[in-house]
Structures are given as structure tokens and as C-alpha cells.
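Okay, so here's the structure we're looking at.
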Amino acid sequence: MQNLLIVNVPKQKASLLADELNSIGLRVDASSFRRGAVACTGTEFCKLAITETKAFSRWLVEELEERIPGFDQHLKLHVTGCPNSCGQHWIADIGIEGKKQRVDGEMVDAYYFCVGGAVGQFASIARPIGYRCPAADVPAAIERLLRSYLDLRQSHENLRQFFSRHSDEMLRAFLAGQEVEAITRDVASGPVPRGVEG
Ligand code: SF4
């Protein structure tokens, strides 16, 4: 979601510059996943974090680009490492909140899903839909959700409309690949730091 502005480039050299930027990893024609991704600081530098977010988000974007190339919708994909929501997962189309989950006896990074947030004319708070999975399974879950959208969308129905047309139970089933019971969000037992629990 951040832009780098390079000024005074002659038009005839713009594509050459774009090629050079692409070659060093600053993609000019970025996918909707890359354009819409936001991650908070996470465990790397934040003492409040529950999960690592930056490297995870880069990996998530690359996975989604491979899994669903050419995805044709704008998508705000926000990753936040704890309930404080510096990654603003409450206003994302898909906002995921860092948790821990026990897998084979070990605590691993996990994410809880909120779906359908937006700002602007159709502003709304993302719905906590009762689905959580280990961080390693997030790309597959999002792929299932977005493929459900591509398969089931009505004529001219955008992603936001699709999310609002479906219940929490259905969105959860799309993410999980089957109907699953809702899990609780593991909200903090008391006020979280800075008091911005969603
Ligand atoms: S959301 Fe939590 S983990 Fe992320 S930067 Fe804010 S306080 Fe730190």
C-alpha cells in the first residue's frame, strides 16, 4: 500500500525504468494481492506481537500470486500481529489477526479471519467469522475463499458484494473447504494494551 514516486522521467524512458524497477523487486505492474497487502510490525520489532507478520505477508502474497494468477478484483488484505490492529484488519476485505494455535503439541503462529471490511462510500467493519488456522495454512484458505467467489459470483458482482451476500457460516465453509463450527476469537481477558480491542 506504499508508493514510491520517481519524477522527471522522460516518457520514452519510462518502460526502461519500469523494467529496472521490476528487476530489483519493486514491481510496477503489481498483482491485486501485492497492491492491497498491509502488514503491521509483528514480532520482529513489536514487543506486543503474537505473530511474525512482515515475512509472512511477503510469503502470503507470493503464494496467492502463484495460486490465483490474474485475480481480477481489488483486494485489501491486512495482516495484524495482535488485537491492537495496527494493520487495520477491521477495514480490510480479508483481515487476519495474529493468534497462537497448538499443532502436534507445539504452539505455532495462527490467524483468525475477519471478512468484508471497507472504507469510503460502503464503509463497514469486517465480520469476525469464526475461522482460525495455522499461518502455514492461510494461503490455501484464502485460495479456497477466492476461488469460491470466482466460481459462484453473479454477473458483475464484485468481491465486496459477494462477501456481504454470504453468511458467516458460508464464508467459513469456503475458507475451510467444508462446513465447520465457529471458534471463538480468543479475545483478551482484560483490556489489551492501548485499549483498542475490536
Ligand atoms: S498490531 Fe500488535 S503486533 Fe502489530 S504493531 Fe500493533 S501492537 Fe504490534
Side-chain angles (χ1 to χ4, degrees), residues 1-4 25-27 30-65 67 74-120 122-143 145-146 159-160 163 168 171-172 175-176 182-198:
M1 294 290 287
Q2 292 181 329
N3 293 320
L4 178 65
L26 295 172
R27 309 242 183 115
S31 68
S32 56
F33 305 118
R34 195 166 292 269
R35 288 199 308 268
V38 170
C40 80
T41 303
T43 50
E44 192 177 8
F45 296 114
C46 175
K47 65 180 180 182
L48 303 176
I50 298 170
T51 57
E52 192 287 321
T53 52
K54 294 286 191 194
F56 167 78
S57 298
R58 278 197 293 273
W59 171 74
L60 174 60
V61 165
E62 283 164 12
E63 280 283 320
L64 291 173
E65 286 174 342
R67 287 165 183 262
H74 290 296
L75 173 73
K76 289 172 76 68
L77 176 62
H78 291 202
V79 179
T80 194
C82 84
N84 277 316
S85 189
C86 302
Q88 300 183 321
H89 59 300
W90 295 110
I91 56 168
D93 295 301
I94 300 174
I96 55 177
E97 178 183 298
K99 302 289 180 196
K100 289 290 185 196
Q101 188 171 348
R102 190 173 294 280
V103 176
D104 297 332
E106 280 195 30
M107 296 303 280
V108 299
D109 281 7
Y111 284 95
Y112 181 94
F113 282 73
C114 301
V115 177
V119 291
F122 302 104
S124 64
I125 304 291
R127 288 144 54 196
I129 60 164
Y131 184 69
R132 181 190 62 193
C133 68
D137 297 338
V138 168
I142 293 179
E143 180 185 4
L145 176 65
L146 297 183
L159 192 62
R160 196 160 290 163
F163 287 158
D168 293 358
L171 294 176
R172 197 161 62 238
L175 282 163
I183 57 121
T184 55
R185 195 174 134 239
D186 293 337
V187 287
S189 54
V192 296
R194 302 179 205 284
V196 289
E197 175 61 78

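Counting convention: from 1, in listed order, for ligands and their atoms alike. Values below: all heavy atoms of this structure, side chains included; hydrogens, waters and symmetry mates excluded.
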Which is closest to atom 8 (Fe) of ligand 1 in terms of heavy atoms, Gly98, Cys46, Cys82?
Cys46
For ligand 1, which atoms have a heavy atom of Ala49 less than 4.0 angstrom away?
3 (S)
Sub-4.5 Å side-chain heavy-atom contact between Ile125 and Cys114
no
Could you list which atoms of ligand 1 come closer than 4.0 Å to a heavy atom of Gly81?
3 (S), 4 (Fe)
Just checking, any donor-acceptor pair under 3.5 angstrom between side chains of Gln88 and His78?
no
Distance (rounded to the nearest 0.5 Å) between Arg58 CZ and Arg34 CZ:
10.0 Å
Which of the atoms of ligand 1 are close to Thr80, meaning less than 4.0 Å from one of its heavy atoms?
1 (S)
With heavy atoms only and a cut-off of under 4.0 Å, state how Thr41 meets ligand 1: side chain, backbone, both or neither.
both
So the atoms of ligand 1 within less than 4.0 Å of a heavy atom of Ser85 turn out to be 1 (S)
Any idea which heavy atoms bring Trp59 and Pro139 closest together, and the distance?
CH2-CG, 3.3 Å
Can you list the ligand 1 atoms lying under 4.0 Å from a non-hydrogen atom of Cys40?
1 (S), 3 (S), 4 (Fe), 5 (S)
Side chain to side chain contact (heavy atoms under 4.5 Å, CB included) evaluation trace for Arg160 with His74:
CA-CA 9 Å; Arg160 196 160 290 163; His74 290 296; over 6 Å; no
How does Pro83 reach ligand 1, by side chain, by backbone, by both or by neither, if only non-hydrogen atoms under 4.0 Å count?
neither
Might you work through the side chain to side chain contact (heavy atoms under 4.5 Å, CB included) test for Phe163 and Ile129, ending with a clear yes or no?
CA-CA 11 Å; Phe163 287 158; Ile129 60 164; over 6 Å; no
N, O or S from Cys86 under 2.8 Å to atom 8 (Fe) of ligand 1
no
Hey, which atoms in ligand 1 end up nearer than 4.0 Å to a heavy atom of Leu48?
7 (S)
Using modelled atom types only, decide if a donor and an acceptor are shared between the side chain of Tyr111 and the backbone of Pro134 within a distance under 3.5 Å.
no
